[in-house]
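Each chain gets a letter, A, B and so on, in the order its sequence line appears, and its residues count up from 1. Please read all numbers here as calculations on a predicted model, not as lab measurements.
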2 protein chains.
Amino acid sequence: MSEREAERSVSQTVRAQLALRDMILSGRLRPGERISELQAVDITGVSRTPVRLALVRLEDEGLLQAIPSGGFMVKAFTERDILDSIELRGTLEGLAARFAAERGVSARSLEPLKECLGDLDQLVRQDPISVEAFSAYVTMNARFHALLNELSASAPLIREIDRVSALPFASPSAFVMAQSALPEAHQILLLGQDHHRIVVDAIENREGARAEAVMREHSRLAARNLRLAIRNRTHLELMPALALLKSSVE
Amino acid sequence: MSEREAERSVSQTVRAQLALRDMILSGRLRPGERISELQAVDITGVSRTPVRLALVRLEDEGLLQAIPSGGFMVKAFTERDILDSIELRGTLEGLAARFAAERGVSARSLEPLKECLGDLDQLVRQDPISVEAFSAYVTMNARFHALLNELSASAPLIREIDRVSALPFASPSAFVMAQSALPEAHQILLLGQDHHRIVVDAIENREGARAEAVMREHSRLAARNLRLAIRNRTHLELMPALALLKSSVE
DNA sequence: ATCCCTTATAGTGTATACATACTGTACCCT
DNA sequence: AGGGTACAGTATGTATACACTATAAGGGAT
């Protein structure tokens with residue numbers, strides 16, 4: 001399929017949403033800045049109707065904020081907001097792990113998770129870890145978390161986790177790439193992988209409290225990465241999400 | 001202000017949203033049923049543009065589900081979904097209470113909460129409790145929970161709590177009115193009020209774990225109410241939210 | 001000089017017409 | 001008789017014109 005056809009296959013609304021999200025995350029639209037519908041029309045090239053839907057969706061996503069008198073502005077986040085969002089995700093993933101453990105999961109449904117765990121093991125075993133391996137880790141890590149959440153078998157919970165993780169700085173892999181530039185990188189990856197192993201073990205043995213606790217702690221690794229990366233300041237380009245910070249650290 | 005003027009003061013979008021929500025919660029639109037935009041236009045009397053926005057908002061709210069090929073249908077919930085949503089709210093409110101306790105709150109900001117606690121005390125002290133008092137309890141209870149959540153001083157967390165609580169069966173007061181018809185009513189209300197007292201105490205003494213645990217347990221009261229009310233089956237009209245149940249219990 | 005009022009402008013809210021995609025049915029061909 | 005295709009009807013997707021509201025700037029009066 002040609003690129004042109006591929007572009008045609010998605011709706012104008014989705015296209016506008018992608019374009020605007022890109023503008024926001026890349027920092028070309030600054031936090032606090034108002035986005036008028038006409039401006040968004042200019043940016044995206046589609047008409048006001050789909051632009052409006054895209055803006056509503058982005059508000060829902062948490063990237064935009066409604067202005068009381070109408071219209072939208074780019075949402076600004078404090079560092080505290082980001083840390084809280086990470087803690088929030090950890091809490092929800094902890095609940096998912098506890099549900100899985102307490103309610104029990106079949107050996108069969110645990111298989112894909114264990115397989116994923118093995119793949120991650122292969123990746124973190126390298127020393128030093130190549131940039132490609134980091135990239136592969138991000139993908140596989142996202143898969144691991146998705147599988148884990150599904151084990152909760154709770155549609156309302158999964159819905160909320162997906163929602164929180166949609167924030168660019170709250171997803172499980174948000175700051176993994178930033179790690180790749182840090183000296184502590186390998187050690188942190190090994191710690192994270194140990195958490196993964198523990199949570200699978202806990203679920204298998206129906207240890208709800210343990211499963212919940214380790215997932216909460218797991219999210220703290222992301223918080224730690226964030227702080228390290230900000231302090232080092234060297235590889236901010238690996239964390240586009242920080243464009244949303246209220247008083248930019250750059 | 002006349003009713004006509006009041007109606008004019010809200011946008012067509014909001015009006016459509018209210019009308020459709022009412023239709024869904026009252027059961028006139030059944031779970032799984034598709035809502036076409038034209039049908040929604042007939043129901044609400046506004047044109048397709050605001051109807052569409054209202055449908056998107058209701059999807060976001062969780063009452064509707066997008067159909068892959070386009071359009072929306074009324075979402076159906078299982079009893080498990082409802083119980084999970086209640087647990088979810090409890091977990092989030094627990095996190096809010098822990099944040100408040102760990103980070104500390106000023107005596108001044110705790111005042112409104114204590115005042116609210118006192119008002120609730122007055123209400124539950126009556127025996128038997130009048131229906132009016134039950135109704136007042138619902139209002140005051142909602143206020144207490146809102147104040148508590150604000151003490152977390154975490155915008156991302158409050159946002160999620162509000163979102164989850166917007167589900168008609170997950171809010172802190174969802175099944176309080178149903179209680180009013182139960183013999184166990186007064187006892188359950190007293191238990192709930194004790195939870196309220198404990199969480200304030202825990203926050204004051206910066207006992208994060210205790211504050212979190214009691215809010216989690218607190219949400220279980222709602223789950224208990226739900227089960228009791230369903231078993232008794234006598235006052236289902238007090239719980240309009242149950243219109244969303246997949247295989248209706250009626 | 002300052003404050004208020006008027007006016008112009010830009011932006012959102014709404015309605016509607018047109019385009020396109022999907023679905024179900026009926027008819028025809030095999 | 002069964003299956004496939006074509007067509008009609010209905011749905012959503014999109015563009016645009018018009019209406020109304022908020023806001024800011026400029027001019028006049030005090």
Side-chain angles (χ1 to χ4, degrees), chain A residues 1-21 23-24 28-61 63-75, chain B residues 1-21 23-24 28-61 63-75:
Chain A
M1 197 191 321
S2 79
E3 192 175 319
R4 194 179 181 82
E5 278 165 348
E7 270 181 15
R8 215 181 202 92
S9 69
V10 299
S11 68
Q12 302 288 70
T13 302
V14 171
R15 213 176 308 176
Q17 195 175 347
L18 291 173
L20 290 171
R21 186 193 289 141
M23 289 284 288
I24 295 167
R28 274 169 292 175
L29 293 169
R30 310 213 140 220
E33 188 176 338
R34 181 176 193 159
I35 302 184
S36 81
E37 293 180 2
L38 276 70
Q39 186 186 353
V41 165
D42 282 345
I43 291 172
T44 64
V46 306
S47 79
R48 272 186 66 208
T49 306
V51 151
R52 257 204 119 157
L53 281 173
L55 290 173
V56 169
R57 291 239 133 95
L58 288 169
E59 179 204 6
D60 180 46
E61 207 173 295
L63 261 41
L64 295 182
Q65 191 169 13
I67 299 171
S69 64
F72 299 95
M73 55 185 264
V74 180
K75 201 156 170 181
Chain B
M1 193 186 330
S2 79
E3 192 175 320
R4 195 181 180 81
E5 278 166 348
E7 271 183 15
R8 215 180 201 90
S9 69
V10 298
S11 69
Q12 301 287 68
T13 302
V14 171
R15 213 177 306 175
Q17 196 175 346
L18 292 174
L20 289 171
R21 187 193 288 141
M23 290 284 288
I24 294 167
R28 275 170 290 175
L29 292 169
R30 312 215 137 217
E33 188 175 339
R34 181 176 194 158
I35 302 183
S36 81
E37 293 180 2
L38 275 70
Q39 185 187 352
V41 165
D42 282 344
I43 292 172
T44 63
V46 305
S47 78
R48 272 187 64 208
T49 306
V51 151
R52 241 188 140 176
L53 281 174
L55 290 173
V56 169
R57 293 238 132 96
L58 288 170
E59 179 203 6
D60 180 46
E61 207 174 296
L63 260 42
L64 295 182
Q65 190 170 14
I67 298 172
S69 64
F72 299 95
M73 54 185 264
V74 180
K75 201 156 167 179

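Partners of B/E33 under the salt bridge (charged side-chain N to carboxylate O under 4.0 Å, His left out) rule, at least two apart in sequence or in another chain, do not exist in this structure.
Here the C1' atom of nucleotide C/dA15 and the CD atom of B/Q12 are 10 Å apart, to the nearest Å. Put simply, CG on B/L53 is 14 Å from C1' on D/dT14, counting in whole angstrom units. Rounded to a whole Å, the CG atom of B/L55 is 8 Å from the P atom of D/dT12. To the nearest angstrom, P of C/dG11 lies 12 Å from CD of A/E33.
The side chain of B/P50 lies closest to C/dA15 when the candidates are D/dA17, D/dA15, C/dA15. The side chain of A/R48 lies closest to C/dT12 when the candidates are C/dT16, C/dT12, D/dA22.
Among the protein residues, B/I35 comes within range of the sugar-phosphate backbone only, with heavy atoms under 4.0 Å from sugar or phosphate atoms but none that close to a base.
We find that A/R57 and B/E59 are joined by a salt bridge, their nearest charged nitrogen and carboxylate oxygen being less than 4.0 Å apart.
When each of B/R34 and B/T49 is assigned the nucleotide of DNA chain C bearing its nearest heavy atom, the one mapping closer to the 5' terminus is B/T49.
Closest approach of A/T13 to A/A54, counting heavy atoms only: O-CB, 3.8 Å. Across A/L64 and A/F72, no two heavy atoms sit closer than the pair CD1-CB, 4.2 Å. Contact between A/V74 and A/R30 at its shortest, heavy atoms only, is CB-O, 3.4 Å. A pairwise comparison of heavy atoms in B/V10 and B/R15 identifies O-NH2, 3.4 Å as the closest pair.
Across residues 36-46 of chain A, A/S36, A/E37, A/L38 each have a non-hydrogen atom less than 4.0 Å from an atom of DNA chain C (numbered order).
Look at A/T13 and you'll find a side-chain N or O under 4.0 angstrom from OP1 or OP2 of D/dT14.
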